[in-house]
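Notes for the one structure printed next.
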Amino acid sequence: KENITGGEHWHVMPRWLLAALAAGRDPVSGASLASGVAPVSEMLTLEDLLTGFATIAREQVGATVRIATERGRTPEAHRFHFESVLLDDCLEHCLDSRGGGIRYASQFHLFGGVATVADSLMAIQKLVFEKGRYSLAAFLEIVRNDFAGQEPLRQEILNRVPRFGNDQPQVDELAGRVSAIAFEALDAADNPDGHLLFPALYSLHQHMHWGSELPATPDGRLSGDPVSENQSPVHGADRAGITALLNSVARLPHERAPMGGLNV
């Protein structure tokens with residue numbers, strides 16, 4: 001299940017990508033994250049993979065909104081939260097902020113690891129679909145073996161495949177696509193209580209914990225390493241200067257998210 005803490009709901013997008021590459025099965029637990037995801041043998045283009053990614057995003061985000069809504073209806077959710085004393089509506093109604101006191105009930109859905117996903121998609125596009133050096137199944141076998149015996153390939157991915165944060169439109173646009181898929185999944189979620197659903201590309205410090213649980217990813221990241229944080233590139237991937245970094249970040253769909261984080 002997605003990590004739900006208070007009014008913040010964290011979504012681990014690299015986990016979705018790995019699940020999309022495993023016919024919808026969680027890379028950590030093996031449980032199904034979504035049905036109807038095509039097996040790797042049927043993924044003939046990057047669009048096929050993005051379709052599977054979007055299927056998992058819709059299922060996981062929809063489930064998180066539903067769980068958060070149900071929790072918000074329980075008495076345990078209405079314990080006192082100090083911010084209530086700072087909000088006019090709560091004082092006027094003598095109700096806690098999470099117990100009906102605020103005028104506009106909201107959920108904050110925070111999507112992490114966008115650069116790890118974009119860089120992974122770029123590696124697959126270049127090595128599998130464009131150059132045809134590997135079948136998708138063969139490349140994934142290398143990744144699942146944590147690049148054992150394949151350090152030259154891993155270094156090639158890290159140093160020669162375009163990576164988010166260097167003002168390279170092809171990979172930057174993939175980061176934008178991934179972000180839009182996440183935001184669209186939130187827009188499509190069943191929202192019976194009419195909560196305001198706010199998305200963000202944000203991880204705070206969670207990217208380290210998420211990475212510690214995840215196996216290797218196609219971008220050359222090894223098992224247990226952190227995934228990318230906030231809206232930032234993978235650590236060390238941006239090598240073309242601050243303007244190039246900001247140009248890459250500017251290609252994300254900021255008009256759809258009222259918040260986010262960037263480490264420069």
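Numbers for residues simply follow the sequence, beginning at 1. What's counted below: heavy atoms across the whole structure, side chains too, no hydrogens, waters or symmetry copies. Keep in mind that what you see is a predicted model, and the values were worked out from it rather than measured.
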Legend entry - Same cluster (ILVMFWY, side-chain, under 4.5 Å), I157 and L121: yes
Inset, instruction - Using the test side-chain hydrogen bond (donor to acceptor under 3.5 Å, both in side chains), find all partners of Q150 that sit at least two apart in sequence or belong to another chain. - result: none
Inset, instruction - Please determine if E151 and R154 form a salt bridge, counting it only when a charged side-chain N lies under 4.0 Å from a carboxylate O. - result: yes
Show me the side-chain donor-acceptor pairs of residues 35-42 shorter than 3.5 Å, one per line, residues at least two apart or across chains.
none

Legend entry - Flag for T217-D219: side-chain donor and acceptor within less than 3.5 Å: yes
Inset, instruction - Consider only side-chain N and O atoms of N263 and S232, and report whether a donor and an acceptor are under 3.5 Å apart. - result: no
Inset, instruction - Only counting residues at least two apart or in another chain, list the ones meeting side chain to side chain contact (heavy atoms under 4.5 Å, CB included) with N247. - result: D167, T243
Legend entry - Any pair counted as salt bridge (charged side-chain N to carboxylate O under 4.0 Å, His left out), so long as it reaches residues 107-128, sequence neighbours left out: D119-R163, K126-E130
Inset, instruction - Could you note down all residue pairs passing salt bridge (charged side-chain N to carboxylate O under 4.0 Å, His left out) where residues 52-70 supplies at least one of them, sequence neighbours left out? - result: none
Legend entry - Exam field: side chain S29 to backbone A31, donor-acceptor pair closer than 3.5 Å: yes
Inset, instruction - Return the set of residues passing salt bridge (Lys or Arg N to Asp or Glu O under 4.0 Å) with R133 (not counting sequence neighbours), or none when no residue passes. - result: E156
Inset, instruction - Identify, with sequence neighbours excluded, every residue that meets side chain to side chain contact (heavy atoms under 4.5 Å, CB included) alongside A216. - result: V143, D146, F147
Inset, instruction - Output yes when a side-chain donor or acceptor of D225 lies under 3.5 Å from a complementary backbone atom of R221, and no otherwise. - result: no
Legend entry - Transitive ILVMFWY side-chain link L127 to L158, under 4.5 Å: no
Inset, instruction - Not counting sequence neighbours, list each pair that qualifies as a salt bridge (charged side-chain N to carboxylate O under 4.0 Å, His left out) and has a residue in residues 175-184. - result: E47-R177, E184-R256
Inset, instruction - Please report the shortest heavy-atom distance between R144 and L21, naming the atom on each side. - result: NH2-O, 2.7 Å
Legend entry - Listed partners of N191 passing side chain to side chain contact (heavy atoms under 4.5 Å, CB included), at least two apart: H195, L197
Inset, instruction - If a pair satisfies salt bridge (charged side-chain N to carboxylate O under 4.0 Å, His left out) and one of its residues is in residues 202-216, list it, with sequence neighbours excluded. - result: none
Legend entry - Minimum side-chain heavy-atom gap P27-L214 below 4.5 Å: yes
Legend entry - Pairs flagged by ring-ring contact (aromatic ring centres under 6.0 Å, His included) wherever residues 23-70 is involved - sequence neighbours left out: W16-F53
Legend entry - Other cluster members, I102 - Ile/Leu/Val/Met/Phe/Trp/Tyr, side-chain contacts below 4.5 Å: L87
Inset, instruction - Spell out, yes or no, whether L95 and F80 are grouped together once hydrophobic residues are joined by side-chain heavy atoms under 4.5 Å, including indirect joins. - result: no
Legend entry - D172-S248 side chain donor-acceptor pair, cut-off 3.5 Å: yes
Legend entry - Y134 reachable from L44 in the ILVMFWY side-chain graph, under 4.5 Å edges: no
